[in-house]
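Shown next, in structure tokens, is the structure this report addresses.
In the text below, chain A, chain B and the rest are named by the order of the sequence lines, each starting its count at 1. Since the structure is predicted, the reported quantities are computational estimates derived from the model, not experimental observations.
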Protein chains: 2
Amino acid sequence: MIPTELLEKYGALKKVFDKMAIIFEEGNLPAYYYQIVSGEVKMSNYNDDGREFIQGIFYKEQSFGEPPLFLNQNYPANAIAVEDSEVLLLSKNNFMKLLEENPSVSIKIIQNLAQRLYYKSVMAAEMSTQEPEHRVLKLMDHGIAYFNFQKDENGYLINFTRQQIGDLTGLRVETVIRTIKALEKKGVLKIINRKVYR
Amino acid sequence: MIPTELLEKYGALKKVFDKMAIIFEEGNLPAYYYQIVSGEVKMSNYNDDGREFIQGIFYKEQSFGEPPLFLNQNYPANAIAVEDSEVLLLSKNNFMKLLEENPSVSIKIIQNLAQRLYYKSVMAAEMSTQEPEHRVLKLMDHGIAYFNFQKDENGYLINFTRQQIGDLTGLRVETVIRTIKALEKKGVLKIINRKVYR
DNA sequence: TCCATTTTATGACTTTAATCATAAAACAGA
DNA sequence: TCTGTTTTATGATTAAAGTCATAAAATGGA
């Protein structure tokens, strides 16, 4: 989102996180601005009995973890590399200096936060209605617009596992599997050797 | 959040909305920046069978409805006056000009969006865990920090109706009533002639 | 002050997703 | 290629919130 050269000009350093590596943890105070160069990162919570809720999944050129950075609050979730990933880290002070000296970046940040707030609003409304079919469809349609789903002759490939869909919608795997089957029967999506197309 | 004088300098006009009046509707394109002078506004969705989900409640000096304004997207929810309210409206063009010419306001906007994203993240994780007691408590504790709950000798008065708590947490009124009773029995909150204190 | 509406409350019952158990298929690493 | 792990899958059962019915208390207008 912020050009790499600009970040590096302010002293950003590239760091490599192996798959599964923890980038930051819930409860800690933010110290850096994070922007992905390559790979995939998820932000998620684990509740008392180990159940995961995925707040969001981020891909190359996307940033994550800014809200608590701006607010001086503890991270409300963990950031974990889903794949081997390269991430640019810029210390808070330097990031703030970058913002001050480059007002156009502020607008970018605002738009990015607005986008994520929009997603959260839509999903919150959807999750409260409780109907699994609604939740799953909304997530997929959102993913088509904002995650990097690829289109081929069968439609958009939803490249999430059933478990991930469950963790993003607050449903259990079995429920997701049964829901997807039901949606296929209704003809609103296709399952071609276990992969879901919409 | 943005000083009244600054908004008025850029041509903002004060508009009065009676209790229950619709300020904007889901699906419409944004045209204004909205900031409350007095009163109370809720943003909410109604699903197919008329059930309401409250995205958030806003009070004096707070703004609402900016994300879609920045993104040129349709409103994902309705804004409705909960009480008779005065609201400052500033047209999109003038608002953008204000932002460009007053970079410090951008930082305010960023912090505000970050705060709301933080709330949504916490509630989303909480709502996915499904346990009513968790959801209700989290909402109350959030409310103590961010809504204007008043403290007296019994603790903080949670001035939401059971119905509102339900609409904010995705639970039914009866469930909220039973949950609050259970929480009282556990001693984590007080009910004094039907009012809830925490 | 009176009356209609809203809010809180409670019990009975129903529905639905979670849970538990189990297994086949696919995948990844040695 | 073999093997352990992950992913998808399905059936049976359970638990828990939703639904429905009903009503008392509180509130707010007229």
[X] [atom1] to [N] [atom2], straight-line distance once rounded to whole Å:
| X | N | atom1 | atom2 | result |
| --- | --- | --- | --- | --- |
| A:R51 | C:dT19 | CZ | C1' | 11 Å |
| A:N159 | D:dT6 | CG | P | 19 Å |
| B:D167 | C:dT6 | CG | P | 14 Å |
| A:M20 | D:dT5 | CE | C1' | 12 Å |
| A:E131 | D:dT19 | CD | C1' | 14 Å |
| A:R162 | D:dT8 | CZ | P | 5 Å |
| B:H134 | D:dA16 | NE2 | P | 15 Å |
| B:I165 | C:dT6 | CD1 | P | 19 Å |

Any donor-acceptor pair under 3.5 Å linking the side chain of [X] with the backbone of [Y]?
| X | Y | answer |
| --- | --- | --- |
| B:N94 | B:A12 | no |
| A:Q35 | A:I2 | yes |
| B:N28 | B:Y75 | no |

*With sequence neighbours excluded, residues passing salt bridge (Lys or Arg N to Asp or Glu O under 4.0 Å) with B:K186*: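 Salt bridge (Lys or Arg N to Asp or Glu O under 4.0 Å) check on B:K186 returns B:E133.
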*Do A:F160 and A:L189 share a hydrophobic cluster, counting only Ile, Leu, Val, Met, Phe, Trp and Tyr and linking them when any side-chain heavy atoms are less than 4.5 Å apart?*
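Both belong to a single hydrophobic cluster.
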*Among B:T169, B:T179, B:T175, B:V176, side chain to side chain contact (heavy atoms under 4.5 Å, CB included) partner for B:R135*: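 For B:R135, the side chain to side chain contact (heavy atoms under 4.5 Å, CB included) test succeeds with only one of B:T169, B:T179, B:T175, B:V176, which is B:T169.
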*Between atom CG of B:L6 and atom CE of B:M1, what is the distance when rounded to the nearest 0.5 Å?*
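Answer for the CG-CE pair, B:L6 versus B:M1, is 11.0 Å.
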*Bend angle of the helix from C:dT1-D:dA30 to C:dA30-D:dT1 from five-pair axes at both ends, rounded to 10°?*
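Terminal axis comparison yields 60°.
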Tell me which donor-acceptor pairs under 3.5 Å the side chains of residues 62-71 of chain A have, and how far apart each pair is, sequence neighbours excluded?
unit_1 : atom_1 : unit_2 : atom_2 : d
A:Q62  : OE1    : A:Y59  : N      : 2.6
A:S63  : OG     : A:E66  : OE2    : 2.6
A:E66  : OE1    : A:R116 : NH1    : 3.1
A:E66  : OE1    : A:R116 : NH2    : 3.1
A:E66  : OE2    : A:R116 : NH1    : 3.1

_Quick check on DNA chain C: between A:P132 and A:K19, whose nearest nucleotide comes earlier from the 5' end?_
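That would be A:P132.
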*Quick one, which residues of residues 170-191 of chain B touch DNA chain D with a heavy atom under 4.0 Å?*
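Under 4.0 Å from DNA chain D: B:G170, B:L171, B:R172, B:E174, B:T175, B:R178.
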_Carboxylate-amine/guanidinium contact A:K9 A:E101, below 4.0 Å_ =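 So A:K9 does not pair with A:E101 through a salt bridge.
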*Aromatic ring centroids of A:Y32 and A:F95 under 6.0 Å?*
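No: the rings miss the under 6.0 Å criterion.
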Mind listing the N/O atom pairs, protein and nucleotides 22-27 of chain C, below 3.5 Å?
unit_1 : atom_1 : unit_2 : atom_2 : d
C:dA25 : O4'    : A:R194 : NH2    : 3.4

*Share the residues that join A:Y197 in a hydrophobic cluster, the rule being Ile, Leu, Val, Met, Phe, Trp or Tyr side chains under 4.5 Å apart at the heavy-atom level.*
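Joined to A:Y197, directly or through intermediates: A:L157, A:I192.
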